[in-house]
Structure formats: C-alpha cells, structure tokens
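Take a look at the structure below.
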Amino acid sequence: MFFHIDTKSNAPLYEQIIQQVKEMCAKGLLTPDERLPSVRELSSHMVINPNTVSKAYQELERQGIIVTVRGRGTFISKKTDRTSDPGRLKAIRESLKEAVIENYYAGYSKKELIKLLEEVYEEMEGKTDEN
Amino acid sequence: MKISGLSKTIHGKHILSDINFSIETGSIIGVTGRNGAGKTTLLRTMTGILDPTKGDVTIDGYSIFKKPQTKEQVIFVPDSSEAFKNYSTKEILTLYKNIYSKFDEEYFYGLMDRFSLPFVKKTGAYSKGMKALFSLIIAFSTGAKYILLDEPTDGLDVIVKKQVLQILVEEVAAKDVSIIISSHRLDELEFMANKIIMIKDGKVDSLYEIEEMKEMYKKVQLVFKEAMPQNLKKEVTILDQTGRVYTVIMDRNDPKLQHMIEETDPLLFEELPLLLEDIFVAKLGGVSNVS
C-alpha cells in the first residue's frame, strides 16, 4: 500500500486519500477483504491529522468501497458491494467532459480519446488479473 | 477549553489583547505568527504560568486561575528547558507523578522503550532530540487533555522530527487529546492541524479551518499585456511580481472578480496550489521588518 500527499494538488487531503484507495483497488494493489491500516496507523504513517483519515474512510464507507467491522478493522468491500450511484455518475460525466475538452485542445480526435480510454481500462484490468 | 478576552500587559506593553477562541477535544491547533507576535506568551498564559491582565481561560466551565485543580488537564512543553538538567530521569518521573494524579506510569515506560531513551542521572546529558522526545513522553503520560507545545520540532533532525510528529498524531487518534502547537513550520502544520490561528501584534488576526481556507481562497498566476490594472490591484493580494507576471491570492467564490480579471484579457490566468505559507505571507507579510 502506498499513500502519499500530493502537495501540487489542489484537492483536499481527504479526497486524495479516497482517490488513492480507489486507484489501488482498481489496479488490484488492494483486493477484497484486505485490511486497510487503522485511522491511527495511517495518520501516523502519513503524519497527518487523524480527522482527515476518518473523513476519508467515512466517505469510502458511504460509497461502499470499504467496510468497518467493529473491533476488527477496516476492509476492502467485496466487488459485489459496488452500488450504482447516480450522483457519482454525474461527477464522472463532468470529469469526462473536461477530458473531452482537453483532448480537443490538445489536437486529438474523438477516436484517439476512445482508444486512450480503452488502453487505460486494459492497463487496470491487466494488473487486476495478475493478482 | 475556552479562551475569552485574554489580555496581557507586561511593563506597560500590550503583548496580548482580547484573544478569543475555543478548542474542541481531539483537535490539533496550530498557532502561528511572526517572531515576537506573542505566541509563547499566549501559550504560557493559557497554562496559568502567567496571570492574564484581563480575560479568562476555562476548561469545562472552570477557570484555571480560580480552580487550580483544573490545571491537571493542561500541560505546557516549552521549546527548551534548562530547569531540569540536573535531575535524573527517575526524579523527573516522580515529580510529574506527584503533580498529575492521572499520570500513566506504564504508558511512560512503554514510550521510553519504544524510542529507546535511556534512563540517565542528569537529563542535561540528553541530546537535543532526546530532550524533545523526553518532554513529549512526559507530557503524554500526564493524562492531560490539552497539550501545549512551543516549537516542538525546532532544531530536530528529520528522523527525530518525524518521530515527534508521529507521536502527536497517534495521541490525538488514540486518546482524544487536543494539541496546541506554536510553530513557524507551516509545511508541518498544513496537514496536521485542523485549525490555524494567526497572531499579529498580540491579536488573533485570523482563524481558519484548514479545509475551509482552501475553499475560500485561491492562488493564481496572472500575466497581463501591460501592468496589472489599478482597479484590480485593490481586489487581490499580490504575493509576488516579476515584470508582468503576478502571483496573487484571490477570493475563490467571487464571480465578479473572476469576470473582472477575464475582461482585462490576461495572457495567462492559471490556478496554482495554495499553501498555508501563501496565506501567512498575504495576511502577516507586507512590511519586511522583523519585530
């Protein structure tokens, strides 16, 4: 597991943690039922405010990515626990829109962007299969 | 813990004037300000080492000046202490055990062991890093709910510094204590503190929740065809200017200002990551004198 603070990012720290957990799940670096560090462990490791870690974990739990078992710790959910959330779909749509605009100004075509998206999928899935 | 209307005058000089804020449990609060702004005096008054000229410090409604038992819930760790250098580790332990009735001896030995601190005949023999760790170990063993630290990482090497900061964070996570740190190391406070209090000329200049701060302001780089228009200069805080390139702090949620900048048709208008340091310079900088 690798958590880090991106000081160049404007995203709040708790969002960075959320993003990093999601990315590690998608890449297969974190697998279902795997235990995450406790709030105390992770805040100590990153040397950050424990409330920031709590906030990130609460949000990850709300999104169904992790589950907290009392007295045992925090774990990555089983894949089946992934729920569709219309609110998040809207947010994904917004970030896709940004990517489409970026792509246009960078001088690439729609086809090239779709190809890129497929490549990213392959990259993620490829790594999942290996694990 | 509540600080209300706290003022302190020393030799006719107003060091602190009308300081108000409160501290919730389980939080880390950074107190920062220019040299000589009154940070140390504030911490010393909050622990009852100094009597305030006016105002009060209360814990759960009890004044620490009127009800001395309340002080058991507070401990102050100064940036350097010479007072105990001729005492042994054991003697200091006995001293604190007698002062703080909730002193956790087992916890104390546990931490001494974890950081491999030896028991010595004279604590003056500890190195600077060991002294810093030792004062923190004592402080966290007292069972005090409010721990006030004056420049806890000043002069420590990176490894000891990380250890010091890690115990701080772990204490807050595990025991719901509150930590008040005075520091110039804004890069350290940035991710550790949830609240920042900036002191200027003995007054609270600003008080931020760190996350709120990033929602309130943004840092941008602006390049104009010529100089920055005068009317715009009044609306933003200029951090830096090199020729036609300006780095400014501006209100994040002001569509009018956003529009105003776009109207000037800048060559570049780009957001940069905002650091606590930028807010410090914007709020407390300006004149480059040292007081």
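Contact annotation for B:Glu211: only side-chain heavy atoms (C-beta onward) come within less than 4.5 Å of a heavy atom of chain A. At a 4.5 Å heavy-atom cutoff, B:Ile210 makes no contact with chain A through either its backbone or its side chain. Interface remark: A:Ser9 contributes backbone atoms only to the contact with chain B (heavy atom separation under 4.5 Å).
Contact tally against chain A (heavy-atom pairs below 4.5 Å) for B:Lys162, B:Lys214, B:Met192: the top residue is B:Met192. Most heavy-atom pairs under 4.5 Å with chain A, from the set B:Leu165, B:Ile28, B:Asn194: that is B:Asn194. Note on B:Gly26, B:Ala174, B:Ala173, B:Ser27: by heavy-atom pairs under 4.5 Å with chain A, the leading option is B:Ala173. Chosen from B:Leu272, B:Leu168, B:Ile167, B:Asp187, the residue pairing most often with chain A at heavy-atom distances under 4.5 Å is B:Leu272.
If you check the side chains of A:Gln63 and A:Glu59, you find a donor sitting under 3.5 Å from an acceptor. For B:Glu188 and B:Ser183, the side-chain atoms include no donor-acceptor pair closer than 3.5 Å. A donor-acceptor contact under 3.5 angstrom links the side chains of B:Lys218 and B:Gln258, judged on distance only.
We find the CD-CG distance between B:Glu106 and B:Leu111 to be 11.5 Å, quoted to the nearest 0.5 Å.
Note that B:Lys131 lies outside the cation-pi zone of B:Tyr126, set by a 6.0 Å cut-off to the ring centre and a 45° limit from the axis. Judged by a 6.0 Å distance limit and a 45° cone about the ring axis, A:Lys110 is not positioned over the six-membered ring of A:Tyr104.
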